[in-house]
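Structure first, commentary second.
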Amino acid sequence: MIYLAPIQGFTDFVYRKAYSEVFTGVDTFFIPYISLKNNQILKKFEKEILFENNPQKNVVPQVLVKDGPEMLDLSNILKNFGYNEINLNLGCPYPMVTNRGKGSGLLPHPNKIKSILNGFFEKSDQKLSLKVRSGLIQPNEIELLVPIFNEFPLSEIIFHPRIATQLYRGEVLLSAFKKVSELSKHRLVFNGDIFNLSDFKNMQGLFPNINNWMLGRGILMDPFLPSEINGIHFSEEEKRAKKMDFHQMIFDTYSDKMDNQGNTLNKMKQFWSYFSFGFPNQHKVFKKIKKAGSVEKYLNVVQTIFRD
Ligand SMILES: Cc1cc2nc3c(=O)[nH]c(=O)nc-3n(C[C@H](O)[C@H](O)[C@H](O)COP(=O)(O)O)c2cc1C
C-alpha cells in the first residue's frame with residue numbers, strides 16, 4: 001500500500017483531487033493536519049475535510065492537538081464530517097508547534113500521550129493511527145513510547161525516523177526504525193526520503209516485513225513514483241501529457257479559488273520547488289519559474305519547459 005503523506009501547503013484538497021484524477025498508485029490520501037482555534041476549526045481547514053472536496057475512496061484526516069479535550073473535540077468534528085478514521089500528528093517538528101506542546105513536542109511526555117489515547121479510546125469509536133518521529137531531541141524517546149502505544153488498539157503507526165531538530169534533513173535513522181519494528185505490536189508504515197524507485201527497493205530490502213509506505217516529497221517531485229512502484233510504467237510522451245494535464249488542473253482551480261493572480265502565482269511557484277525535479281536541469285527550470293513576474297509570463301515559461 002502506498003500512502004500520500006500530508007504536506008501542509010502542498011497536498012491540499014486541490015492537489016489531492018487532481019492527483020487522483022490524473023495519476024494512479026496512491027491507495028490512501030492523508031489530509032495535512034487540522035487544529036483548533038478557540039474550540040473551532042478555521043474555514044481553511046473546513047474546506048480540507050468537506051466530503052465533496054475528498055472524492056477519493058480512502059482519505060484520512062490528521063489532527064494536531066495539545067491534550068485529550070482537544071483530541072475529543074476534533075474527533076467529534078471529524079465524525080460529524082463523516083470520517084471514521086483519523087490520524088494523530090506526533091511528528092511536526094517546527095518550534096511554533098512543538099513549543100505549544102503539540103506534534104513532536106509531545107514525544108518527551110509519555111504520560112500526556114497516554115492520557116490523550118486513553119480519553120480517545122474511552123469516548124470514540126473511530127479508528128486511530130499515529131504519525132510519529134523518533135524524538136523531539138533524543139532519537140530514543142520513541143522507545144519509551146512504544147510500550148504505551150502497544151496498550152491501545154491503534155490501526156497503525158506511521159514512523160518518520162528523524163528527530164525534530166533535523167526537520168526534514170540529515171540522515172534517516174534506520175536503526176531507530178528497526179528497533180521500533182521489533183518493539184511494536186502494531187503495523188508499521190515506513191516514511192522518509194523515498195525519492196525514486198531505487199530508494200524504495202533499498203528500503204524494501206532493509207525492511208522486508210513492511211508492506212505499507214508513506215511517500216511525500218518523492219511524489220511531489222515525481223508523481224509517477226507510486227505507479228512505478230506498482231510496476232506500471234509510462235512513456236516519456238505519456239508522462240509529459242499527464243503532467244501538463246495535472247498542472248493545468250491545479251492552476252485552473254487555484255486561479256478560481258484565490259483572491260488575486262499574485263496569490264495564484266506564488267502558490268504555483270511553491271509547487272515548482274518540487275516539480276522542477278521532474279525535468280533535466282532542475283536548477284535552471286526552477287530559476288526560470290521564480291523569475292516569472294506575472295501569471296501570463298509564468299504560463300509562457302511553463303509552456304516552454306514542457307515543450308523543451
Ligand atoms: C512543507 C512540509 C509540510 C508538512 N506537513 C505535514 C503535516 O501537515 N502533517 C504531517 O504529519 N507531516 C507533515 N510533513 C511531513 C511529511 O508528511 C513527511 O513525513 C516528510 O516529508 C517525510 O517524508 P518524505 O521524505 O517522503 O517527504 C510535512 C513536510 C513538509 C516538507
Side-chain angles (χ1 to χ4, degrees), residues 1-13 15-16 19 25-26 28-36 41-42 44-45 47-49 59-65 74 78 85-98 100 102-107 128-136 142 156-174 176-177 180 188-200 202-204 207 210 212-223 225-226 228-229 266-267 269-275 277:
M1 298 287 259
I2 308 283
Y3 302 165
L4 175 69
I7 300 210
Q8 199 71 251
F10 291 89
T11 63
D12 59 6
F13 74 92
Y15 179 94
R16 297 192 303 272
Y19 186 94
V26 167
T28 304
F29 294 81
F30 281 74
I31 302 181
Y33 68 73
I34 63 168
S35 58
L36 288 174
I41 54 167
L42 298 174
K44 66 169 183 181
F45 290 143
K47 282 192 200 144
E48 281 300 316
I49 57 176
V59 181
V60 179
Q62 185 188 63
V63 298
L64 183 78
V65 304
L74 275 170
L78 288 167
E85 171 160 9
I86 62 180
N87 175 268
L88 171 62
N89 181 321
L90 294 175
C92 186
Y94 294 109
M96 235 174 65
V97 167
T98 57
R100 293 181 181 150
K102 299 181 185 181
S104 56
L106 280 165
L107 296 175
L128 178 69
S129 64
L130 305 179
K131 187 159 178 287
V132 299
R133 280 188 179 241
S134 307
L136 178 66
I142 190 78
E156 60 191 4
I157 296 175
I158 303 159
F159 186 20
H160 178 58
R162 278 194 170 99
I163 52 170
T165 44
Q166 288 181 282
L167 299 179
Y168 299 102
R169 296 187 293 263
E171 234 174 282
V172 170
L173 309 167
L174 297 176
F177 192 84
V180 170
L188 263 200
V189 179
F190 182 90
N191 169 237
D193 289 19
I194 296 181
F195 298 132
N196 52 49
L197 201 52
S198 115
D199 291 340
F200 175 75
N202 282 342
M203 288 307 131
Q204 208 180 25
F207 305 113
I210 298 298
N212 299 45
W213 307 85
M214 176 177 270
L215 278 60
R217 293 165 296 169
I219 294 181
L220 289 174
M221 291 191 263
D222 176 8
L225 190 50
E228 279 182 359
I229 288 174
N266 286 338
K267 185 82 191 169
K269 283 184 177 180
Q270 277 171 21
F271 273 109
W272 280 88
S273 62
Y274 292 109
F275 292 172
F277 284 89

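Being a predicted model, the structure only gives us computed values, none of them experimental. In what follows, residues are counted from 1 in the order of the sequence shown. Counting starts at 1 for both ligands and their atoms, following the listed order.
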What protein heavy atom sits nearest [atom], and how far off is it?
{"atom": "atom 23 (O) of ligand 1", "value": "Asn191 ND2, 2.9 Å"}
{"atom": "atom 4 (C) of ligand 1", "value": "Gln8 N, 3.4 Å"}
{"atom": "atom 26 (O) of ligand 1", "value": "Gly216 N, 2.8 Å"}
{"atom": "atom 1 (C) of ligand 1", "value": "Ile7 CG2, 3.8 Å"}
{"atom": "atom 7 (C) of ligand 1", "value": "Pro6 O, 3.5 Å"}
{"atom": "atom 9 (N) of ligand 1", "value": "Gln62 OE1, 2.8 Å"}
{"atom": "atom 28 (C) of ligand 1", "value": "Tyr168 OH, 3.3 Å"}

Just going by heavy-atom distances, which of Phe10, Phe190, Phe159, Tyr33 is nearest to atom 8 (O) of ligand 1?
->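 Considering heavy atoms of Phe10, Phe190, Phe159, Tyr33, the nearest to atom 8 (O) of ligand 1 sits in Tyr33.
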Donor-acceptor under 3.5 Å ([X] side chain, [Y] main chain):
{"X": "Glu48", "Y": "Ile34", "value": "no"}
{"X": "Arg16", "Y": "Thr11", "value": "yes"}
{"X": "Gln62", "Y": "Pro6", "value": "no"}

Work out whether the distance between some heavy atom of Gly192 and some atom of ligand 1 is less than 4.0 Å.
->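 For ligand 1, residue contact (heavy atoms, under 4.0 Å) with Gly192 is present.
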Residue [X] vicinity, atoms of ligand 1 by number, heavy atom under 4.0 Å:
{"X": "Asn89", "answer": "9 (N), 10 (C), 11 (O)"}
{"X": "Ala5", "answer": "17 (O)"}
{"X": "Leu215", "answer": "26 (O)"}
{"X": "Asp193", "answer": "24 (P), 25 (O)"}

Does an N or O from Arg217, backbone or side chain, lie closer than 3.5 Å to an N or O of ligand 1?
->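 Yes: some nitrogen or oxygen of Arg217 is under 3.5 Å from one in ligand 1.
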Polar contact flag, side-chain donor to acceptor under 3.5 angstrom, Tyr94-Gln8 =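 No, because no side-chain N or O of Tyr94 sits under 3.5 Å from a partner of the opposite role on Gln8.
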Lys131, portion touching ligand 1 at heavy-atom distance under 4.0 Å =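 Answer for Lys131: side chain.
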With a 4.0 Å heavy-atom cut-off (strictly under), which part of His160 contacts ligand 1: side chain, backbone, both or neither?
->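 The part of His160 near ligand 1 is the side chain, not the backbone.
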Gap between atom CD1 of Ile86 and atom CG of Leu130 - 0.5 Å precision =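 Those atoms lie 10.5 Å apart.
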Centroid-centroid distance, Tyr15 to Phe10, less than 6.0 Å =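 Aromatic pair excluded; centres sit 6.0 Å or further apart.
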Answer with yes or no after comparing the ring centroid distance for Trp213 and Phe200 against a 6.0 Å cut-off, counting only values under it.
->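 Yes - the distance between ring centres of Trp213 and Phe200 falls below the 6.0 Å cut-off.
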salt_bridge(Asp193, Arg217) N-O dist < 4.0 Å |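 Answer for the salt bridge query: yes.
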Taking all non-hydrogen atoms of both residues, which atom of Met214 and which atom of Lys131 are closest, and how far apart?
->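 Taking every non-hydrogen atom into account, SD-CE, 3.4 Å.
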Identify the heavy atoms of Tyr33 and Cys92 that sit nearest to each other, and give their distance.
->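 What the structure gives for the nearest pair is CE2-SG, 4.3 Å.
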